[in-house]
Amino acid sequence: MVSSLANSGTGVPAALAFPDTKSLQTASYERQLSCQIWSLDGRLMARSSGAPSNSLSGDDDGFADRLVDGETWRVYAISDPDKNIRVLVGDRLGLRERLVSDLIRGLLWPALLIVPLLGLLTWSILGRGLFPLQAMAVDLKQRRVDDLSPLNVSHAPPELATLANSLNGLFTRLDAARQRERDFTAFAAHELRTPISGLKLQAQIAIGTSDLTQRNTALNNIVLSVDRISRLSRQLLTVARLDTLSQEEATEEVNIYELVSGIVSDTPARPGLRIMLEESLQNASVKTARDLLEIALRNLHENALNHSAADGDVVWKATYSITSLEVTVEDNGPGIPESELSLVKSRFFRGRHKSTSGSGLGLAIVDIAIHRIDGSLTLINRGNSNGLSATVRLPVH
Amino acid sequence: MRILIVEDDRVLLDGLKVGLSMLGATVDTAECCTDGLLAILTWRFDAVVLDVMLPDGSGLDLLQKLRSSGNTTPILLLTALDDVRSRIKGLDSGADDYLGKPFDLEELGARVRAIIRRKEGRATSTLQYNGVVLDPATLTVSVNSEPVKLSRREFAILATLLEHPGTIASKVNLEERLYGWQEEVESNAVEVHIHNLRNKIGRDYIETVRGIGYRMRPCK
């Protein structure tokens, strides 16, 4: 358009319809852009049909905002001294705004209709897609604390079934753990209440009887009961502590001789019993959680003392291999019947030849503690019914 | 009253044995289900005190076996698990009463007497006949409102006779009520006790049925 105007070069303004300002409302967007060509000496050489006859710009080239006939124009001016012309191109800002508002108005109505429709569609699709998840959430929310039955996965999509199966696995493990806990509490209640009942009965007998021998027997039984109850409560506390001691218990270099002699010195033993610590213990040391190892060895020691014959021997010794350290304690008590060897490590198992002081917890405690420090416990009856040999094998790093 | 205790804890067992003897009972003991069941099925006990957790099984299983064989011996369950659900389970298994550990000796005695009384269909705890009143709870006897002091054995014989005043109790029958398994029975022990009893309460109350046994003499 500009070159054709420039080339016409008649000096007579191309007389196309000159729209008055009122025609702005109806002016088509095609005439939005106006163009003027001026000679450098100030003559209007040509203009487009929508362009005003007044100059759209001042003397400077480049972009400028100008007020022409009461309207703001946005104008770009460029001069060509060779051809002796100056070209101005501009449009009215009012028209621009109308363009924008027409555009917005044109888009708004369909959008107002489509957006809720789209929303509705999205909502229903999401709702349908998430329904299994929602159902699972409701199921979980409505559960009682102790309800650990598996989630129903028959209608769940595959990706949800994976989650549900993992959750069900967790439920199963939790249920098993809780069952163990319940059993433990029930057994603990029984094991505590029974000696307490005995204690109370014997006390009532001691108070009620007039027979001196009967009273003495009752008093002796009271002492026996108190010993038993205190040992039992100590061991129950140990079990509770074992459950809280984490696997990441700080490890340190523990000398076995030092540890065992400490245990021996603060555990009262029947007179006549010989306790021997072999020399092999002196060089035996291992990097492990001291507390856990001490709990285990202390219980093994008490066990050996309780089951040894009155003039028996309790012997501690250690052997090294490349990968492990074995600490063994031997007694010459009755040993454990072969049929019960696999059971004695379970909590509250008391063998057929149970002693009155046994709680049924000792070997269970040892087993738990040793497992916590990645070791293992082996119980073997020594030949010729010569007592029990208990070996703790600890890995050497 | 002849009572069997089935309990595996030695100290508690000893306490029960001595304590119930002090309350006037003749006590026998068993330490596991097998022995307990055998004893109840072969011997007549007035009541059984049964622990639930025993080394060779549950006392509840013993109870069910016993009841399904038609045995109605009164049984008191003794257990550490005394929450409501366990109590209901115990009673539904056929127990007559349920006592949680630890318990009071006097209460145990009272409950044992109560289940025996219920079995025999008596409403009151005292036994009376012909002016003789015997109270098992206080171990006291009075004849025509005059208190009489009796030995444990004499008391047991009188109680046995008063439980079924019309029927004759044989000598063997009385011996069973007086002596536990481990106790030595002298051949004329019952005669001696009856003799002493007559000296204390009066000659007219106990009748000898020659060749059969003894009974309370019927009212005139």
Side-chain angles (χ1 to χ4, degrees), chain A residues 146 182-229 231-232 236 337 339-340 343 347-360, chain B residues 5-25 27 29 31-35 49-60 76-83 85-86 89-90 98-110 112 138-139 151-152:
Chain A
D146 56 351
R182 254 202 300 268
D183 288 350
F184 178 74
T185 322
F187 276 110
H190 179 262
E191 293 296 312
L192 263 176
R193 285 182 182 206
T194 300
I196 289 173
S197 305
L199 178 64
K200 183 167 177 177
L201 265 189
Q202 298 288 351
Q204 286 182 319
I205 290 166
I207 293 168
T209 188
S210 48
D211 182 339
L212 210 64
T213 358
Q214 210 166 53
R215 179 173 299 158
N216 277 337
T217 314
L219 289 173
N220 280 327
N221 278 330
I222 290 173
V223 174
L224 196 69
S225 293
V226 171
D227 283 349
R228 224 175 106 198
I229 292 165
R231 179 174 152 82
L232 180 60
L236 282 173
S339 59
E340 293 179 0
L343 297 170
R347 291 177 181 189
F348 292 119
F349 180 85
R350 274 198 275 162
R352 220 158 264 283
H353 314 288
K354 60 186 182 184
S355 65
T356 35
S357 63
S359 64
Chain B
I5 300 167
V6 189
E7 165 65 63
D8 63 324
D9 183 276
R10 301 241 169 96
V11 176
L12 181 55
L13 184 62
D14 175 81
L16 284 168
K17 190 173 176 177
V18 176
L20 286 175
S21 307
M22 279 165 64
L23 299 178
V27 181
T29 60
E31 293 189 21
C32 62
C33 285
T34 321
D35 294 354
V49 175
L50 177 64
D51 187 22
V52 172
M53 258 192 245
L54 290 164
D56 60 343
S58 164
L60 294 179
L76 184 139
L77 275 184
L78 210 56
T79 172
L81 308 171
D82 63 345
D83 56 298
R85 219 183 319 165
S86 303
K89 199 175 160 203
Y98 202 101
L99 197 55
K101 296 175 183 176
F103 50 85
D104 192 273
L105 178 58
E106 300 282 335
E107 185 185 355
L108 176 71
V112 168
T138 54
L139 298 179
S151 76
R152 197 166 73 80

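First the proteins, then the strands, lettered A, B, ... as listed; each starts at 1.
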Enter the distance from B:Leu12:CG to A:Lys200:NZ here, rounded to the nearest 0.5 Å. 12.0 Å
4.5 Å side-chain heavy-atom contact, A:Asn221 and B:Arg10: no
Treating A:Gln204 as the side-chain partner and B:Asp104 as the backbone partner, does any N or O pair qualify as donor plus acceptor under 3.5 Å? no
Between B:Lys101 and A:Thr194, is any pair of side-chain heavy atoms under 4.5 Å apart? yes
Do A:Arg228 and B:Asp9 come within less than 4.5 Å of each other through their side chains, counting heavy atoms only? yes
Show the nearest heavy-atom pair for residues A:Ser225 and B:Val11, with the distance to one decimal. OG-CG1, 3.3 Å
Chain A contact via B:Leu16 - which portion, at a heavy-atom distance below 4.5 Å: both
Could you pull out the closest heavy-atom pair between B:Pro102 and A:Arg193, with the gap in Å? CD-CG, 4.4 Å
In Å and rounded to the nearest 0.5 Å, what is the CD1 to CE distance from A:Ile205 to B:Met22? 6.5 Å
